[in-house]
Protein chains: 2
Amino acid sequence: MATIRDVAKHAGVSVATVSRMINGTGYVHEDTRRNIETAIKELQYTPNEVARSLYKKKSKLTGLLLPDITNPFFPELARGVEDEMQENDYRIIFGNSDEDRDKEQDYIQTFVQNNVVGVIASTNSPDTDTYRKLAIPVVFLDRTADDSPSVYSDGREGGRIAAREMIARGSRRVTVMQGPKHVRPAQDRFKGAVEMLKEQGIDYNVVQTSSFSFTDAGTWAEQLFRQYPDTDGVIASNDIVAAAVLHEALKLGKKVPEEVQIIGYDDVPLSGILNPALTTIRQPAYDMGRAAARLLIAFIENKPIEQSTLQMPVTFTERDTTRKAEQ
Amino acid sequence: MATIRDVAKHAGVSVATVSRMINGTGYVHEDTRRNIETAIKELQYTPNEVARSLYKKKSKLTGLLLPDITNPFFPELARGVEDEMQENDYRIIFGNSDEDRDKEQDYIQTFVQNNVVGVIASTNSPDTDTYRKLAIPVVFLDRTADDSPSVYSDGREGGRIAAREMIARGSRRVTVMQGPKHVRPAQDRFKGAVEMLKEQGIDYNVVQTSSFSFTDAGTWAEQLFRQYPDTDGVIASNDIVAAAVLHEALKLGKKVPEEVQIIGYDDVPLSGILNPALTTIRQPAYDMGRAAARLLIAFIENKPIEQSTLQMPVTFTERDTTRKAEQ
DNA sequence: TTGTATGCGTTATCAG
DNA sequence: CTGATAACGCATACAA
C-alpha cells in the first residue's frame, strides 16, 4: 500500500502539501496539484483511514446493532440504514445482539474502540449506562427512550388497530399472541390490542410466545389451536408467527378467513405472497432505517435537527386473511 | 476515553509495562500487575483498536460483501458468518453490492482503507483485479472461482435434482425460470435443470427473469401463466419466485400440486410455512456462512487448511407443492 | 504557496 | 523485571 509519503516523494513535494491537496484545505499551486494527482494515480494511493481516524479521533465508521438479521423485519431496516449511510460515505460495523445485554455491551464497546462516529441500535435497554455514557450520538431504531433520538412506530396504536379491525370484521373469540416479554415493541402492540378488546367488551385469550424464530413459530401455532380450538380470530405478534398460525389453521382444515381471521404485524415482504395473503399492520421498515441513518448523520455532522424523535405511521394493510368489514 | 498513558500514570509505571501486561508479552511483576489491573478498572480503560491497527497494520475487522440482505437467502448466510466471527473476536464491516461492480469496488476499497484482515464476498466477478490484487485473504461465498478459496453449493447438481424429481413426479410440460443472467449460481441451477430435461426428453419452456426481488416476482409469475397456461410443472429460480408462482397459480384456480407442481431453490425459512409448503432444493445457508468465516479465519491466523474450496451439499426437500413420486 | 515538526494511542526494540 | 523511544500514516500549527 502506498502511503502519503510515497506520493509526496513521487511528486517531489512534502507530505503536508499532498495532505492539503487531498483534503482541499489550504492553497496548492496548479502545477504541483497536477503532479500530485498523477503521482496518486500511478501509485494507486488511497488514504489510510485508520491513520486518519487515529489523528482526528473520528472515522467514517458507524455501528449498527440489530437483534437478529434472520428475522425478516430487520433486513429491511438494515437496508434502509445501509443505503442512506453509503450515499453519505459512511460505513457500517454490524452486529446481532439476540436481545442479549452482554452481546450488546460487547458490540458497543468494540464500536467505540474502533472510533465509530455514531451508532444505531435496536435495543430493549436504551436507558442504561451503556448508552448514556457514550460520547457519540446514538439513534434508537424500532425502540424508544424518552428524550433520546429515536425512530420507531406506534406499537400501541398498531395493536389497537389490529383489534379494532378484527372486531369490525366479526370475530368474537379472539386470541392475542403475546410476543417475548422483554421485547418492548412486542409488548406495546400486545397491550394496544388487549386495551381495545377490553374497551369493546370482546372475549379474548392470550397465548404467550418467547421468540420470533421461524422454527418456534410452528410450535406456538399448534399450541394455540390446541388450547383454544374455537377461536375465530388471531392477532399474531408478528408476520412470521401469523404465517405459522395460518399454516396450522389450514392444516387443521379451518377456513381462513371464514372461520378464523388472522392479522399479522410488520408487513414483511413475504406477507403478500402467502396464501391467502396476510392481512397485517404495516411498519415502514425500510423508511425507518433510512430515517434513522439520516438522523444520525445529522447529529454527526452537526446539521440542524427538526425532530430527534420520529414516530412513523402504522397502517392497516388489508389482504385475504380477514373478511370484508361489516358496514 | 482513557488511554494507556493514563493507566500508566495511574499505576505509577511506564506505558511499556502496561502494554506488556495487556498483551501478555514479556514479564511483569505480580505487584505491578495488580496495580495496573486496578488502574484499568478504575479508568475503565479499553485499548484503542485504531491505534493498534495503525501500528500493527492489522485489525480485528473483516469485510462482508453480499448482494442484497433483503433477499432472504442472505441473512442466513450473514448470520452464519457473524456468529463464527464474533466467537473469534472479529467484527464485520458490512455492505450490499446489488451485484453492481462499482459498488463492489467501492466497498472493497474502503475495506482495505480500514485495514480489514480479510474479506468474504459474494460476487459474480471473483476473477478480477479487484480481488487478485488484494493483499489479504478472500473467501468467496455462494460463488466460486477456480483455485480461489470459496464456499458454495453445487448449483448444477441442484438444478438437475429439481428437474429429475419434477419428471419423476409426472410433470411433462415443464417451465424453467431462468434467474438474472449475470448471477452465476442462478445460471448454474438453470443449466442443470435444462440439462436434465433434455436428457430425459421432456418438453420445456423458459421464462426469463432479471431479479430476485419480492416486488418483481409477482410479475414473472403472471407472465409465466400468461405465456404458458398449460404448464404442469415450474422449476423456479429461487424460493421467492416460487412463492410468487404458487400464489399466482392458486389465484388462477389451479390446484397445486395436482395440476401444477412447483419446486423452489434455497429453502429459505419461509418456504416451510407457505400453503401448501414449498418443495425446494435446500442449500445449507447458515452453515455455508459459518464455513466461510471459519476458512477465512484460518487464513488470517495462518492455521493449517485442509481444503480451501468447500462445496456444500444440496438436498431435495420434499414438501407439498409436488406430488408423491411414482414408484 | 510550501515545508518542518508534532502528536494521535499503540506496540516493539533495546538498553538498563 | 522495567522504562525510553521510535514508528505506524496522517493532518495541522507554525514558519518560511
Side-chain angles (χ1 to χ4, degrees), chain A residues 1-37 39-40 43-61 89 109-117 135-136, chain B residues 1-37 39-40 43-61 89 109-117 135-136:
Chain A
M1 281 285 78
T3 75
I4 198 173
R5 304 179 74 118
D6 300 328
V7 175
K9 202 171 300 175
H10 201 88
V13 296
S14 78
V15 294
T17 306
V18 178
S19 177
R20 272 191 298 265
M21 118 114 228
I22 290 174
N23 297 292
T25 159
Y27 305 96
V28 33
H29 192 86
E30 188 54 35
D31 296 347
T32 61
R33 152 167 281 117
R34 232 184 290 287
N35 285 337
I36 296 177
E37 270 167 357
I40 288 180
L43 299 177
Q44 302 201 51
Y45 168 77
T46 55
N48 181 324
E49 286 296 336
V50 176
R52 267 194 182 162
S53 174
L54 179 60
Y55 180 86
K56 315 224 309 184
K57 297 174 190 241
K58 273 182 192 210
S59 67
K60 288 301 238 174
L61 259 25
D89 292 324
Q109 197 194 85
T110 70
F111 286 167
V112 333
Q113 287 182 311
N114 284 286
N115 262 355
V116 303
V117 280
I136 48 173
Chain B
M1 280 285 78
T3 74
I4 198 172
R5 304 180 75 118
D6 300 328
V7 175
K9 202 171 299 176
H10 202 88
V13 296
S14 76
V15 295
T17 306
V18 178
S19 176
R20 271 192 298 266
M21 118 112 228
I22 290 174
N23 298 291
T25 157
Y27 304 95
V28 33
H29 192 85
E30 189 54 32
D31 295 348
T32 60
R33 149 166 285 116
R34 232 184 290 288
N35 285 338
I36 296 176
E37 269 167 358
I40 288 180
L43 300 176
Q44 302 201 52
Y45 167 78
T46 55
N48 180 323
E49 286 295 337
V50 177
R52 267 192 181 162
S53 174
L54 178 60
Y55 182 86
K56 317 222 309 184
K57 300 177 188 232
K58 273 182 192 207
S59 67
K60 289 301 240 174
L61 259 25
D89 292 324
Q109 198 195 83
T110 69
F111 286 168
V112 330
Q113 286 182 310
N114 283 285
N115 262 355
V116 304
V117 279
I136 49 174

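These numbers come from the heavy atoms of this one structure, side chains and all, not from hydrogens, waters or symmetry mates. First the proteins, then the strands, lettered A, B, ... as listed; each starts at 1.
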Does A:Thr3 reach a base, just sugar-phosphate, or nothing at all? Heavy atoms under 4.0 Å. sugar-phosphate
For the pair made of CG in A:Asn48 and C1' in D:dA11, what is the distance, rounded to whole Å? 13 Å
Tell me: CZ of A:Arg20 to P of C:dG3, nearest whole Å? 8 Å
A:Val50 and B:Ser59, any side-chain heavy atoms less than 4.5 Å apart: no
Once you round it to whole Å, what is the distance between P of C:dC8 and CZ of B:Arg52? 19 Å
Mapping A:Met1 and B:Ser14 to their closest nucleotides on DNA chain D, which lands nearer the 5' end? B:Ser14
Ion pair check, A:Arg34 and A:Glu37, cut-off under 4.0 Å: no
Nucleotide of C:dT10, D:dG9, C:dA12 approaching B:Lys57 most closely (side-chain heavy atoms): D:dG9
Given atom NZ of A:Lys60 and atom P of D:dA11, what is their separation to the nearest angstrom? 13 Å
Nearest listed nucleotide, side chain of A:Ile4, among D:dC10, C:dT10, C:dA12: D:dC10
Can you check the B:Lys9 NZ to D:dT2 C1' distance for me, whole Å? 18 Å
Identify which nucleotide among C:dT10, D:dT12, C:dG3 has an atom closest to any side-chain atom of A:Val13, counting heavy atoms from C-beta outward. C:dG3
Counting only side-chain heavy atoms from C-beta out, which of D:dT12, D:dC10, C:dT11 sits nearest to B:Lys56? C:dT11
Do you know which two heavy atoms are closest between B:Gly26 and B:Arg20, and how far apart they sit? CA-CD, 4.0 Å
When rounded to the nearest 0.5 angstrom, what is the spacing between CG in A:Asn114 and CG in B:Asn48? 8.5 Å
What's B:Val50 touching, base or sugar-phosphate or nothing? Going by heavy atoms closer than 4.0 Å. nothing
I want to check one thing: is the phosphate of C:dA12, taken as OP1 and OP2, less than 4.0 Å away from some side-chain N or O of B:Ser19? no
Check whether any side-chain nitrogen or oxygen of B:Thr17 sits under 4.0 Å from OP1 or OP2 of D:dT2, and answer yes or no. no
Specify the separation, in whole Å, of atom CG of A:Leu54 and atom P of D:dC8. 14 Å
OP1 or OP2 of C:dC8 under 4.0 Å from side-chain N/O of A:Ser53: no
Got a donor-acceptor pair under 3.5 Å from the side chain of B:Tyr55 to the base of C:dT10? no
Quick one: on DNA chain C, does A:Ala16 or A:Tyr27 contact a more 5' nucleotide (nearest heavy atom)? A:Tyr27
Mind calculating the distance between CZ (A:Arg5) and C1' (C:dA5) to the nearest angstrom? 12 Å
Please state how far atom CD in B:Gln113 lies from atom P in D:dC8, giving the value in whole angstrom units. 19 Å
Less than 4.5 Å apart, side chain to side chain, heavy atoms only: is that true for A:Asn35 and A:His29? no
